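Let me begin by presenting the structure, written as structure tokens, before commenting on it.
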Amino acid sequence: MRLNLEDLPPRYRAQAELQIAKRKKPPAGQTLAEAAKAAGRLGKVFGSRGEYEFYIREIVPGIQAGLIRRATPQVRFDLLSAKEFCGLKLPAAHYTCDYMIEYTDGTVEVVEIKSKFTRRAQRDYIYRRRLFIDLIAEQKGWRFREIMTDDTQESVKKWKELAGGQA
């Protein structure tokens with residue numbers, strides 16, 4: 001039997017909510033270098049600070065609370081296969097999400113975390129996103145969430161350097 005926060009007496013519920021809130025936020029004032037070092041200690045590769053913070057703020061508490069069954073990073077979906085048409089070689093199109101989250105209630109959510117800089121740099125992203133939503137997510141009844149961060153070109157580059165170039 002699993003307890004919900006609502007089942008707790010008010011005093012203990014407030015205490016539990018405070019502990020959950022502390023876990024959801026990365027430490028205040030954490031620099032980019034400190035965040036990258038903390039991310040490295042987890043033994044996972046995060047493509048950006050936004051992905052790391054999302055993992056710490058939402059995925060870890062969701063798994064601990066029993067709300068998330070599985071959170072799979074970097075899932076690739078094939079949208080269109082490569083083909084040739086009238087002498088033109090048309091490349092395959094695919095979409096890779098940052099996280100595919102399966103909740104214990106059966107809901108599936110695909111999460112995309114993009115900096116404003118990266119979104120502008122990847123001009124075809126909006127088309128791949130649209131194809132993914134129309135061809136896969138909508139057809140399967142999945143939810144889609146896009147999170148925009150304020151990262152700049154410099155901070156994205158610095159994160160990749162600090163994360164060991166694995167991103």
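Side chains are part of it too, since the values below use all heavy atoms of this structure and drop only hydrogens, waters and symmetry mates. For clarity, every value in this text was computed on a predicted model and none was experimentally measured.
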Gap between atom CZ of Arg49 and atom OG of Ser155 - 0.5 Å precision | 9.0 Å

What is the distance from atom CG of Asp78 to atom OG1 of Thr96, rounded to the nearest 0.5 Å?
-> 8.5 Å

Contacts of Glu138 that satisfy side-chain contact (heavy atoms from CB on, under 4.5 Å) - sequence neighbours left out | Asp134

Would you find a donor on one side and an acceptor on the other, under 3.5 Å apart, between the side chain of Trp159 and the backbone of Phe46?
-> yes

Considering non-hydrogen atoms only, spot the tightest contact between Pro73 and Ala71 and give its length.
-> CD-O, 3.6 Å

Which pairs with one or both residues in residues 85-95 pass salt bridge (Lys or Arg N to Asp or Glu O under 4.0 Å), sequence neighbours excluded?
-> none

Is it the case that one hydrophobic cluster holds both Tyr103 and Ile147, taking links as side-chain heavy atoms less than 4.5 Å apart, direct or via other members?
-> yes

With distance as the sole test, does Glu51 use its side chain to make a donor-acceptor pair with the main-chain N or O of Gly47 at under 3.5 Å?
-> yes

For Tyr127, the side-chain hydrogen bond (donor to acceptor under 3.5 Å, both in side chains) test, sequence neighbours excluded, returns none

Step by step, would you call Tyr99 with Ile59 a side chain to side chain contact (heavy atoms under 4.5 Å, CB included)?
-> CA-CA 10 Å; Tyr99 289 101; Ile59 293 178; 3.5 Å; yes

Give every residue pair that meets the salt bridge (Lys or Arg N to Asp or Glu O under 4.0 Å) criterion with at least one member in residues 101-115, sequence neighbours excluded.
-> Arg70-Glu102, Glu109-Arg143, Glu109-Arg145, Glu112-Lys114

For Glu146, side-chain hydrogen bond (donor to acceptor under 3.5 Å, both in side chains) partners two or more places apart = Tyr125, Arg129

Any side-chain heavy atom of Leu80 within less than 4.5 Å of one from Leu131?
-> yes

State which residues pass ring-ring contact (aromatic ring centres under 6.0 Å, His included) with Phe132; sequence neighbours excluded, sorted by chain then number.
-> Phe77, Tyr95

Just how far is it from atom CD of Glu58 to atom CG of Leu67, taken to the nearest 0.5 Å?
-> 11.5 Å

Verdict with reasoning, Ile136 to Trp142, per side chain to side chain contact (heavy atoms under 4.5 Å, CB included) = CA-CA 8 Å; Ile136 298 174; Trp142 294 350; 3.8 Å; yes

Say you draw a straight line from CD1 of Ile133 to CZ of Arg128; how long is it, rounded to the nearest 0.5 Å?
-> 12.0 Å

Check the hydrophobic clustering (I, L, V, M, F, W, Y; side-chain heavy atoms under 4.5 Å; chains of links allowed) and say if Ile126 and Met148 are grouped together.
-> no

Test side-chain contact (heavy atoms from CB on, under 4.5 Å) applied to Thr149 - qualifying residues, sequence neighbours left out = Ile113, Ser115, Asp151

Taking the side chain as every heavy atom from C-beta outward, state whether Ile101 and Val110 have any atom pair closer than 4.5 Å.
-> no

Would Val108 and Leu135 show up in the same hydrophobic cluster when neighbours are defined by side-chain heavy atoms closer than 4.5 Å?
-> yes

Apply side-chain contact (heavy atoms from CB on, under 4.5 Å) to Lys158 and list each qualifying residue two or more places apart in sequence or on a separate chain.
-> Leu32, Glu161, Leu162

What residues form a side-chain hydrogen bond (donor to acceptor under 3.5 Å, both in side chains) with Glu154, not counting sequence neighbours?
-> Thr152

What's the spacing between Thr104 OG1 and Ile63 CD1 if we round to 0.5 Å?
-> 11.0 Å

Go through the structure and list residues passing side-chain contact (heavy atoms from CB on, under 4.5 Å) with Arg123, not counting sequence neighbours.
-> none

Going from NZ on Lys83 to CZ on Phe85, what distance comes out if it is rounded to the nearest 0.5 angstrom?
-> 7.0 Å

